J.: 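Sharing a structure here in structure tokens format.
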Amino acid sequence: MLLVRFIRDASARLEALYPPQEAGNLVLRLVQGRLGVPSYLHITEPDTPIPEERLPGLLRDLELLAGGTPLQYVLGVADFCGRRFRVDPRVLIPRPETEELVAEAVRLVRARSGGTRVLDLCTGSGCIAWSLALDCPGTDALGVDLSKEALCVARQQEFAIPAGALRPRFAQADILDPSFDAAALSGWSGAELIVSNPPYIMDKERAAMHPNVLKHEPALALFVPDSDPLRFYRALARICASFLVPGGAFVLEINEALGPETAAVLQEAGLLQVEVLRDIFGKNRFVRGFHS
Ligand SMILES: C[S@@+](CC[C@H](N)C(=O)[O-])C[C@H]1O[C@@H](n2cnc3c(N)ncnc32)[C@H](O)[C@@H]1O
């Protein structure tokens with residue numbers, strides 16, 4: 001089959017599920033990912049055929065996409081902060097706004113001198129812990145998650161470790177458990193930075209979400225009850241107040257609808273210079289602050 005025909009037919013098929021432009025983009029990214037060809041090849045060389053032995057695999061992928069499986073799960077990888085992370089349905093697909101969270105965390109680490117101990121709470125695929133460990137040599141990062149399945153994925157990420165950088169560690173724990181003991185888990189007396197992208201979508205917000213997210217991504221990673229949407233931030237505030245060293249910092253991703261309320265939780269725990277930061281779309285998306 002000609003590549004151009006596969007792209008045309010597959011895009012038309014996915015239009016049942018996605019807007020036309022998104023459907024076309026998904027097919028181009030699939031073809032790029034699976035065949036390693038540039039996304040414009042079918043235009044510049046319209047006679048390009050799909051190698052016969054690759055077609056059955058591509059058709060299987062298309063079935064999955066047509067059934068609503070996100071492209072990243074089909075390909076088994078997601079791009080994040082300039083790296084390619086392994087992902088599968090055991091972990092949330094890292095989101096672009098979380099790249100902004102990492103950028104802020106990198107600024108906080110680089111503003112310090114000396115090595116930095118970083119606690120990444122609710123680590124999922126480990127994308128935050130790995131990015132900080134690799135982008136900021138000297139960072140000792142510990143990623144924590146309740147899900148053992150997610151931690152398997154986080155541990156299996158494969159990156160070359162640059163000189164001076166440390167491979168992040170990962171540990172299982174429930175951060176909502178009042179007996180959560182960061183010192184016992186990490187072996188540290190304190191951390192210089194705590195970063196987290198915890199579940200923060202309220203159950204009532206499910207209705208506005210794409211059905212594919214609801215059907216395929218882990219609910220444990222996403223939702224909090226309408227009756228207590230800030231439960232993770234109360235736990236995070238407690239951990240930041242008790243485990244950050246003097247001058248230590250935190251940066252957390254938040255629900256855009258709850259900026260001032262989330263900041264108040266952290267202030268009430270005694271944390272200082274608490275500020276709500278906006279994402280590139282101008283939405284309240286992060287809370288940053290310091291221990292002292
Ligand atoms: C929004 S995802 C974030 C994943 C990853 N850090 C990212 O930014 O892509 C939240 C993560 O929190 C984990 N989680 C949920 N409840 C938890 C709890 N009580 N304690 C620790 N981790 C929890 C989920 O398993 C999930 O991996």
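Nothing fancy with the numbering, it's 1 onward along the sequence. Just follow the structure's listing: the first ligand is 1, and inside any ligand the first atom is 1. The structure displayed is predicted, hence computed values, not measured ones.
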J.: Does the pair Arg29/Glu22 count as a salt bridge with the N-to-O cut at 4.0 Å?
T.: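 Here Arg29 does not pair with Glu22 in a salt bridge, since their nearest N and O are not under 4.0 Å apart.
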J.: Output yes when Arg107 and Glu104 qualify as a salt bridge under the 4.0 Å nitrogen-oxygen rule, no when they do not.
T.: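 Salt bridge: yes.
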J.: Rounded to the nearest 0.5 Å, what separation is found between the OG1 atom of Thr262 and the CG atom of Leu252?
T.: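 Result: 9.0 Å between the selected atoms.
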J.: Decide whether Asn25 and Tyr18 meet the rule of one side-chain donor and one side-chain acceptor closer than 3.5 Å.
T.: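 Not at all, the side chains of Asn25 and Tyr18 share no donor-acceptor pair under 3.5 Å.
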J.: Any side-chain donor-acceptor pair under 3.5 Å between Thr98 and Glu253?
T.: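 There is such a pair (donor and acceptor under 3.5 Å, judged by atom type) between the side chains of Thr98 and Glu253.
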J.: Tabulating one pair per line, provide the atom names and distances (0.1 Å) for every N/O atom of ligand 1 that is less than 3.5 Å from a protein N/O atom.
T.:
residue  : atom   : partner : partner atom : Å
ligand 1 : 6 (N)  : Cys122  : O            : 2.9
ligand 1 : 6 (N)  : Thr123  : O            : 3.2
ligand 1 : 8 (O)  : Asn197  : ND2          : 2.8
ligand 1 : 19 (N) : Asp174  : OD1          : 2.8
ligand 1 : 20 (N) : Ile175  : N            : 3.0
ligand 1 : 22 (N) : Leu146  : N            : 3.1
ligand 1 : 25 (O) : Asp145  : OD1          : 2.6
ligand 1 : 27 (O) : Asp145  : OD2          : 2.7

J.: For Asp174, which residues count as a side-chain hydrogen bond (donor to acceptor under 3.5 Å, both in side chains) partner, sequence neighbours excluded?
T.: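 With neighbours one apart ignored, the set is empty.
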